[in-house]
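The structure appears right after this line, and notes come after that.
Heads up: numbering here begins at 1 and tracks the sequence. Just so it is clear, the structure is predicted and the values come from calculations on it, not from any experiment.
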Amino acid sequence: MLTSASLSGIAAMEEHEYRILQAEKRVSPNDKIRLATIGMGIMGYNDTRTALACPGTELIACCDLYTGRLDHAKEEFGQSVAITKNYHEILDRKDIDAVIIATSDNWHSTIAEAAMRKGKAVYSEKPMVHHINEGLNEIRTQHETKAVFQVGSQRVSGLVFKKAKEMYQAGAIGQINSIEASFNRQDALGAWQYTIPLDAGPQTVDWARYTAKDKIKHPYDDNKFFRWRNYREYGTGVAGDLFVHLLSGIHFITNSKGPEKIFAIGGTYYWKDGRNVPDVMSAVIEYPHTNEHPAFQVILRVNFVSGEGEHSSTKIIGSEGVMDLSDDGGGFTIRNNKMSKAPGIGGWDSLTTYTNDMQKRLLADYNARYSDADKQRPNLPGTTYKTPEGYDQNIDHMNSFLDGIRLGKPIVEDAVFGFRAAAPALACNESYFQNKVIHWDAENMRLV
């Protein structure tokens with residue numbers, strides 16, 4: 001049985017091992033990985049900084065469709081960094097080993113496939129596809145090219161989810177039956193009303209290239225470029241941005257390939273700013289019994305106008321406990337409760353509705369079958385796990401990608417894993433907009 005004390009010992013050992021590994025990590029000049037980032041928005045900058053914080057990396061070039069972000073890339077990373085608005089110029093360069101793709105969602109798959117065909121390793125922001133029908137082609141491309149490919153849901157490489165997976169698999173909460181996972185926000189920036197530069201316009205934004213895939217052409221729009229997450233044409237809403245994180249963590253811990261039924265509801269209740277995706281969405285998702293896990297259900301929720309404030313969690317509920325993972329990646333708690341062997345009698349029970357004689361006979365029979373110990377609920381201590389101070393799961397996730405390039409190590413969040421998390425998330429959108437239950441074949445990764 002795992003206790004708080006044993007977990008503290010595990011955490012201390014992991015901290016020791018982590019520092020040793022970081023100290024021993026040495027990269028020769030010949031092992032340097034030359035990077036380029038395509039899409040220099042919020043995640044593009046964050047991913048680039050994370051990559052450069054890892055040993056043996058060098059930024060060669062940046063691509064973005066807004067002039068100001070390209071100018072800032074030189075300010076931030078040095079004048080020697082090449083800049084372009086044409087991602088093909090990045091992919092055609094022989095001095096680039098790997099690309100970070102952090103564009104709007106509608107370009108993820110197109111650029112990723114082209115990059116792999118050009119021999120580049122790919123770190124793709126989530127979701128790896130804009131539409132479900134893009135997934136199998138991207139997987140096929142990765143298999144054919146043998147390219148190193150990783151999706152950017154960092155939690156699957158973090159110590160917290162690794163330890164949570166270990167404890168779940170060891171039976172720390174009994175048999176899983178349901179999961180409740182959520183992201184709550186309560187501010188304009190959290191609801192994607194990002195700051196727009198004063199010089200925004202057709203003179204600084206390559207709108208034609210941005211909308212090249214649009215079936216219906218629209219005139220230039222500041223919001224649709226700088227706040228693209230709010231529009232189905234360019235983003236995937238709360239499902240593709242946040243549900244996919246939750247599902248990635250759930251699949252990692254449970255070894256699940258995915259659900260079989262998905263139903264979602266939602267609406268735009270507060271942020272009536274022209275967006276065409278919900279600011280509140282809830283989904284009920286059913287996972288079947290498989291060789292990897294028993295049947296369970298998942299309830300997902302995102303609320304962009306929550307009076308609770310910024311608060312998120314993933315609660316994995318089993319027959320003997322609840323594992324509660326905090327969203328910041330800093331740790332988790334387990335609260336254990338186990339039923340007594342005896343089912344109980346009396347109290348809020350039908351016993352007292354019978355005749356006095358029947359009650360006496362039933363009590364005598366119950367006491368004969370169950371001892372005093374059988375009637376007691378076990379007193380199980382809770383457990384807590386915390387990551388070492390200063391730990392950053394983003395660094396671990398990026399190092400996983402870099403080690404895949406240098407050493408051929410397996411990628412946890414490869415194209416198959418990434419798509420199996422992305423597809424059910426995007427199916428939530430399909431369910432919401434079509435107002436129907438979506439059926440998914442997780443094994444073969446296709447809509448039914």
Any luck finding a side-chain donor-acceptor pair between Q150 and H397 under 3.5 Å? yes
Between the side chains of T333 and D324, does any donor sit under 3.5 Å from an acceptor? no
Between D392 and Q154, is a side chain to side chain donor-acceptor pair (under 3.5 Å) present by the stated rule, with each step listed? CA-CA 10 Å; D392 185 351; Q154 302 87 349; over 6 Å; no
Counting N and O atoms only, with roles assigned by atom type, does the side chain of H108 sit under 3.5 Å from a partner on the main chain of P127, one being a donor and the other an acceptor? yes
Residues K213 and T110: side-chain donor-acceptor under 3.5 angstrom: yes
Test applied, side chain to side chain contact (heavy atoms under 4.5 Å, CB included); reference residue, L59; option that passes from I96, I100, L52: L52
Any side-chain donor-acceptor pair under 3.5 Å between Y391 and D396? yes
Can you confirm whether K74 is buried at NZ, in the sense that more than 12 heavy atoms of other residues, nucleotides or ligands lie under 6.0 Å from that atom? yes
Heavy-atom donor-acceptor pair, Q169 side chain to I253 backbone, under 3.5 Å: yes
Tell me whether L198 at atom CG has more than 12 heavy atoms from other residues, nucleotides or ligands lying less than 6.0 Å away. no
Considering the options H143, K120, M116, which one meets the side chain to side chain contact (heavy atoms under 4.5 Å, CB included) requirement together with F149? M116
Would you indicate whether K261, at its atom NZ, is surrounded by more than 12 heavy atoms from other residues, nucleotides or ligands within a distance under 6.0 Å? no
Checking side-chain polar atoms at under 3.5 Å, does E138 have a donor or acceptor matched by the opposite partner on S109? yes
Apply ring-ring contact (aromatic ring centres under 6.0 Å, His included) to the pair W228 and Y231, showing each step before the final yes or no. CA-CA 6 Å; W228 55 264; Y231 302 93; over 10 Å; no
Stepwise side chain to side chain donor-acceptor pair (under 3.5 Å) test for Y234 and D214: CA-CA 9 Å; Y234 312 107; D214 288 7; 2.7 Å; yes
Under 4.0 Å between a Lys/Arg side-chain N and an Asp/Glu carboxylate O for E144 and R117? yes
Going through the checks in order, is the side chain to side chain donor-acceptor pair (under 3.5 Å) test met by N337 and E320? CA-CA 5 Å; N337 290 284; E320 297 178 4; over 6 Å; no
Between the main-chain N or O of Y220 and the side-chain N or O of K224, is there a donor-acceptor pair closer than 3.5 Å? no
Intermediate values then yes/no, side chain to side chain donor-acceptor pair (under 3.5 Å), D105 and T236: CA-CA 7 Å; D105 295 346; T236 49; 2.7 Å; yes
Nearest-0.5 Å distance that lies between atom CE in M128 and atom CD1 in I139: 5.5 Å
Is the closest basic N to carboxylate O distance between E180 and R301 below 4.0 Å? no
Test item: D97 side-chain N/O and R34 main-chain N/O as donor-acceptor pair under 3.5 Å: yes
Here the gap from F183 atom CZ to D241 atom CG, rounded to the nearest 0.5 Å, amounts to 8.5 Å
Taking the six-membered ring of Y45 as reference, does the NZ or CZ atom of R69 fall below 6.0 Å from its centre and within a 45° cone about the axis? no
Residues T84 and E89: side-chain donor-acceptor under 3.5 angstrom: yes
Between F332 and Y385, does the ring centroid distance fall short of 6.0 Å? yes
Looking at CE of M323 and CG of N336, how far apart are the two atoms once the value is rounded to the nearest 0.5 Å? 9.0 Å
Looking at T204 and D199, would you say the former's side chain and the latter's main chain have a donor-acceptor pair under 3.5 Å? yes
Heavy-atom count around K118 NZ within 6.0 Å, excluding the residue itself: above 12? no
Rounded to the nearest 0.5 Å, how far does CD1 of I196 lie from CG of N223? 4.5 Å
Distance only, no hydrogens: is a donor on one side chain within 3.5 Å (strictly under) of an acceptor on the other, for Y194 and N230? no
Write down the atom of N399, the atom of P55, and the distance for their closest heavy-atom approach. OD1-CD, 4.3 Å
How far apart are the closest heavy atoms of S248 and E413, and which atoms are they? OG-OE2, 3.8 Å
Does E233 form a salt bridge (Lys or Arg N to Asp or Glu O under 4.0 Å) with K215? I'd like the steps, not just the answer. CA-CA 9 Å; E233 299 89 335; K215 294 179 180 178; over 6 Å; no
Check whether the side chains of Y168 and H293 place a donor and an acceptor atom closer than 3.5 Å, and report yes or no. no
Between T67 and K85, a side-chain donor and acceptor under 3.5 Å: yes
Which residue in the set T37, L91, I60 passes side chain to side chain contact (heavy atoms under 4.5 Å, CB included) when paired with V99? L91
Taking S431 for the side chain and I438 for the main chain, is one N or O donor matched with an acceptor at less than 3.5 Å? no
Any donor-acceptor pair under 3.5 Å linking the side chain of W271 with the backbone of F304? yes
Nearest-0.5 Å distance, CZ of residue R209 to OG1 of residue T211: 11.0 Å
With distance as the sole test, does K257 use its side chain to make a donor-acceptor pair with the main-chain N or O of R420 at under 3.5 Å? no
Spatial distance of atom CG (L159) from atom OG1 (T387) [nearest 0.5 Å]: 7.0 Å
Evaluate ring-ring contact (aromatic ring centres under 6.0 Å, His included) for H72 paired with Y66, printing each intermediate quantity in order. CA-CA 10 Å; H72 183 54; Y66 167 56; over 10 Å; no
So, N303 versus Q186: side-chain donor-acceptor pair below 3.5 Å or not? no
Can the ring centroids of F263 and H439 be said to lie less than 6.0 angstrom from one another? no
Check whether the side chains of S104 and N106 place a donor and an acceptor atom closer than 3.5 Å, and report yes or no. yes
Within the 6.0 Å centroid threshold, strictly below: F296 and H289: no
Is the closest side-chain donor-acceptor distance between H131 and E134 under 3.5 Å? no
Would you find more than 12 non-hydrogen atoms of other residues, nucleotides or ligands less than 6.0 Å from K217 atom NZ? yes
